[in-house]
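I am attaching a structure below and will ask some questions about it afterwards.
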Amino acid sequence: MLGLKLLTDPRWANIAESNLEEILTDHAWCEQKAASNAITLITNNSEHEDLVHELAAIAIEEMEHFKMVVDIIKKRGYTLGRERADDYVNQLFKFMKKDGSRNQAFIDRLLFAAMIEARSCERFRVLSQNIKDEELKKFYYDLMVSEANHYTTFLNFAKQYTIDVDVDKRWKEWLEFEGELIQSYGKKEAIHG
């Protein structure tokens, strides 16, 4: 369904589970950044009422997820560490087209968001199916469903609002780029790492 070119090796879940405090901290900050991205899209495209409405709900949901992860961290006696740089997301950001028309930049920002949500959804599936911790299995399953909804929302808005972008063609380019990029990841305790 997601169209990802390379699936995560299930053994990545063992790496993640070996340092839950680190993966949970990284995950918390991923949720915060996802909320910020939705807000940026709203700020830059406020003329689209349906987008504002849907992305406001996503931003709130992402911050609810942030709080849920922070609550798990606290409950387990861990500490929320400082925000982590996300090299994977930074590489995707570099791939995003920032020149061209306003519409091209808008559509690529939506595809950027869809790509991150797709990979996060896939990683949450791997965690839900492969870690031993029963509480986190269920937690990551529920988040997987949520991320899949976000992915389709961003992709659908890209298709709805395109003026001068062949969204299907550009999405294939995103999938190809991400398929190459992700080969360098999956070796550390980070959602995209």
Distance in Å, Gln91 CD paired with Ile182 CD1, rounded so as to fall on 0.5 Å steps: 11.5 Å
Name the orientation class of the two ring planes belonging to Tyr161 and His48 (parallel below 30°, tilted from 30 to 60°, perpendicular beyond 60°). tilted
Apply ring pair (Phe, Tyr, Trp, His ring centres under 6.0 Å) to Trp12 and list each qualifying residue two or more places apart in sequence or on a separate chain. none
Check whether any side-chain N or O of Glu17 sits under 3.5 Å from a backbone N or O of Lys132 as a donor-acceptor pair, and report yes or no. yes
When rounded to the nearest 0.5 angstrom, what distance separates CG in Leu2 from OH in Tyr151? 5.5 Å
Residue pair Ala118 / Leu4: nearest heavy atoms and the distance that separates them: O-CD1, 3.9 Å
In plain terms, say whether Glu83 and Lys33 are close enough for a salt bridge, that is, a side-chain N and a carboxylate O under 4.0 Å apart. yes
Exercise: identify the closest heavy-atom pair between Ile42 and Leu51: CA-CD2, 4.4 Å
Could you walk me through whether Lys188 and Glu22 pass the side-chain contact (heavy atoms from CB on, under 4.5 Å) test, one step at a time? CA-CA 10 Å; Lys188 62 181 190 171; Glu22 181 61 30; over 6 Å; no
If I take atom NE2 from residue His192 and atom CZ from residue Arg119, how far apart are they, to the nearest 0.5 angstrom? 8.5 Å
Using the side-chain contact (heavy atoms from CB on, under 4.5 Å) rule, take Phe124 and Asp142 through it: C-alpha gap first, then chi angles, then the decisive distance, then the call. CA-CA 9 Å; Phe124 292 162; Asp142 292 343; over 6 Å; no
Could you note down all residue pairs passing side chain to side chain donor-acceptor pair (under 3.5 Å) where residues 101-114 supplies at least one of them, sequence neighbours left out? Asn37-Arg109, Glu47-Arg102, Ser101-Asp164, Asp108-Arg170, Asp108-Trp174
Please check this pair: side chain of Arg84 against backbone of Asp26, looking for a donor-acceptor N/O pair closer than 3.5 Å. no
Identify the residue among Thr8, Asp9, Asn14 that makes a side chain to side chain donor-acceptor pair (under 3.5 Å) with Arg11. Asp9
For the residue pair Glu21 and Thr79, what are the closest heavy atoms and their distance? OE2-N, 2.8 Å
Can you see which heavy atom on Leu55 is nearest to which on Ala38, and at what distance? O-CB, 3.8 Å
Thr162 side chain to Lys159 main-chain N or O, any donor-acceptor pair under 3.5 Å? no
Can you list the steps and then say if Val165 with Phe106 is a side-chain contact (heavy atoms from CB on, under 4.5 Å)? CA-CA 10 Å; Val165 178; Phe106 172 38; over 6 Å; no
Drop me the distance from Lys74's NZ to Leu24's CG, to the nearest 0.5 angstrom. 15.5 Å
Residues Lys172, Glu176; criterion salt bridge (Lys or Arg N to Asp or Glu O under 4.0 Å); working and verdict: CA-CA 6 Å; Lys172 285 179 184 166; Glu176 291 297 327; over 6 Å; no
To the closest 0.5 Å, what do you measure between OH (Tyr140) and CD1 (Ile131)? 7.0 Å
Spatial distance of atom CG (Asn45) from atom CG (Leu110) [nearest 0.5 Å]: 7.0 Å
Considering all heavy atoms, the nearest Asp86-Cys30 contact: OD2-SG, 4.0 Å
Hey, are Glu49 and His53 close enough side-chain-wise for a donor-acceptor pair under 3.5 Å? no
So that I can tick it off, tell me whether Lys67 and Glu64 are bridged by a salt bridge, with the cut-off set at under 4.0 angstrom between side-chain N and carboxylate O. no
Under 4.0 Å between a Lys/Arg side-chain N and an Asp/Glu carboxylate O for Lys5 and Glu178? no
Under 3.5 Å, is there a donor-acceptor pair between the side chain of Lys98 and the main chain of Phe93? yes
If you look at every heavy atom in Ile39 and Ala59, which pair is closest and at what distance? CG1-CB, 3.9 Å
Using 4.0 Å as the upper bound for N to carboxylate O, is an ion pair formed by Lys138 and Glu134? no
Side chain of Gln32, backbone of Phe66: donor and acceptor closer than 3.5 Å? no
Given 3.5 Å as the limit, does a donor-acceptor pair link the side chain of Ser128 with the main chain of Arg125, or not? yes
